[in-house]
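Contents: one structure, followed by commentary.
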Amino acid sequence: MFELKPLPYAQDALEPVISAQTLSFHYGKHLKAYVDNLNKLLPGSGLEGESLEEIIRKSSGAVFNNAGQILNHDLYFGQFAAKPSSSAPTGALAAQIEKQWGSFAAFQDEFVAKGISLFGSGWVWLAAAPDGTLSIIQCPGADNPVAHGLKPILTFDVWEHAYYLDYQNRRADHLKALWGIVDWGVIEMRFA
Ligand code: MN
């Protein structure tokens with residue numbers, strides 16, 4: 001049985017970037033539904049007792065979609081902080097970003113541009129290959145780097161349920177605002 005992972009902050013902690021109302025629906029309704037759905041789908045699937053990552057690698061259809069959305073949201077909600085200690089990455093991650101994009105600002109521009117141009121619902125990811133090479137990838141629906149043999153590092157949710165109550169159709173404004181709450185300490189640990 002999978003459980004709804006507790007948020008590492010209060011539901012109003014990320015305002016005004018993400019409102020308490022958005023968080024209460026996004027976490028308390030959308031993510032909860034993915035958890036409930038997967039728990040209903042798993043019995044008899046042959047995947048009982050497997051980790052989310054294993055289920056994602058081995059499944060398709062509704063099981064993949066619900067397992068993917070649980071992993072994606074756990075990573076998404078787990079990477080924010082009301083007052084991040086740093087507004088940019090440091091150490092090995094900063095060095096790799098600089099090597100591949102030239103600057104952190106250039107990386108941010110490409111990340112947001114790929115979030116804006118993703119058609120419909122999905123996720124934009126920073127992912128790492130086994131050799132440490134980074135890439136920014138667009139994943140439709142519930143797809144994620146794990147399904148492609150890559151390590152998930154950072155993600156922005158571009159499903160409308162992530163921003164519509166606060167930003168309506170202004171996806172670009174929402175994505176740019178998210179930089180203010182990314183906890184780079186968490187992101188660096190994922191890359192390490
Ligand atoms: Mn979402």
Side-chain angles (χ1 to χ4, degrees), residues 2-42 51-53 55-57 59-82 84 108 111-127 136-148 150-183 186-187 190:
F2 287 95
E3 285 177 6
L4 187 61
K5 215 174 175 179
L7 287 175
Y9 37 73
Q11 286 203 3
D12 62 356
L14 304 180
E15 292 193 339
V17 178
I18 300 175
S19 70
Q21 191 192 21
T22 289
L23 255 189
S24 95
F25 278 93
H26 197 182
Y27 170 80
K29 304 284 186 199
H30 290 279
L31 176 53
K32 184 177 186 301
Y34 297 129
V35 173
D36 292 344
N37 289 341
L38 185 63
N39 285 332
K40 279 184 213 141
L41 289 164
L42 278 181
S51 68
L52 271 182
E53 287 83 356
I55 293 170
I56 287 164
R57 288 188 198 104
S59 67
S60 60
V63 171
F64 176 87
N65 286 336
N66 286 284
Q69 285 294 73
I70 297 170
L71 182 86
N72 299 353
H73 285 93
D74 285 350
L75 290 164
Y76 175 79
F77 289 127
Q79 72 191 3
F80 297 131
Q108 287 178 298
F111 197 85
V112 168
K114 285 196 167 158
I116 294 167
S117 65
L118 199 165
F119 185 76
S121 298
W123 302 78
V124 59
W125 293 91
L126 176 64
I136 300 172
I137 57 173
Q138 295 172 315
C139 289
D143 195 19
N144 59 49
V146 173
H148 304 278
L150 300 170
K151 196 201 281 191
I153 307 293
L154 167 74
T155 191
F156 286 178
D157 185 345
V158 302
W159 284 60
E160 285 184 345
H161 67 219
Y163 60 89
Y164 218 83
L165 293 173
D166 300 331
Y167 296 82
Q168 294 78 48
N169 60 324
R170 293 175 289 117
R171 185 192 283 189
D173 291 348
H174 170 67
L175 296 182
K176 286 175 195 161
L178 287 178
W179 293 123
I181 54 169
V182 171
D183 185 341
V186 171
I187 305 301
R190 292 177 186 168

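Order of appearance sets the numbers: ligands from 1, and atoms from 1 within every ligand. Just so you know, these numbers use all the heavy atoms, side chains as well, and skip hydrogens, waters and symmetry mates.
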Considering only heavy atoms from C-beta outward, does the side chain of Gln138 approach that of Val158 to under 4.5 Å? no
In chain order, what residues pass the side-chain contact (heavy atoms from CB on, under 4.5 Å) check against Ala13, with sequence neighbours excluded? Tyr9, Ala10, Ala82
For Asp173 and Lys176, indicate whether the former's side chain and the latter's backbone hold a donor-acceptor pair under 3.5 Å.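 Such a contact is absent between Asp173 side chain and Lys176 backbone.
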Show, in sequence, the C-alpha distance, side-chain angles and deciding distance for His161 and Lys29, and conclude whether the side chain to side chain contact (heavy atoms under 4.5 Å, CB included) test is met. CA-CA 10 Å; His161 67 219; Lys29 304 284 186 199; over 6 Å; no
For residues Asp157 and His73, is any side-chain donor paired with an opposing acceptor at under 3.5 Å?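 Note: Asp157 and His73 side chains meet the donor-acceptor criterion.
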Given a cut-off of 2.8 Å, the protein N, O or S atoms lying below it from the Mn ion (ligand 1) are His26 NE2, His73 NE2, Asp157 OD2, His161 NE2
Checking side chain to side chain contact (heavy atoms under 4.5 Å, CB included) for the pair His26/Ile18: CA distance, chi angles, key distance, verdict? CA-CA 10 Å; His26 197 182; Ile18 300 175; over 6 Å; no
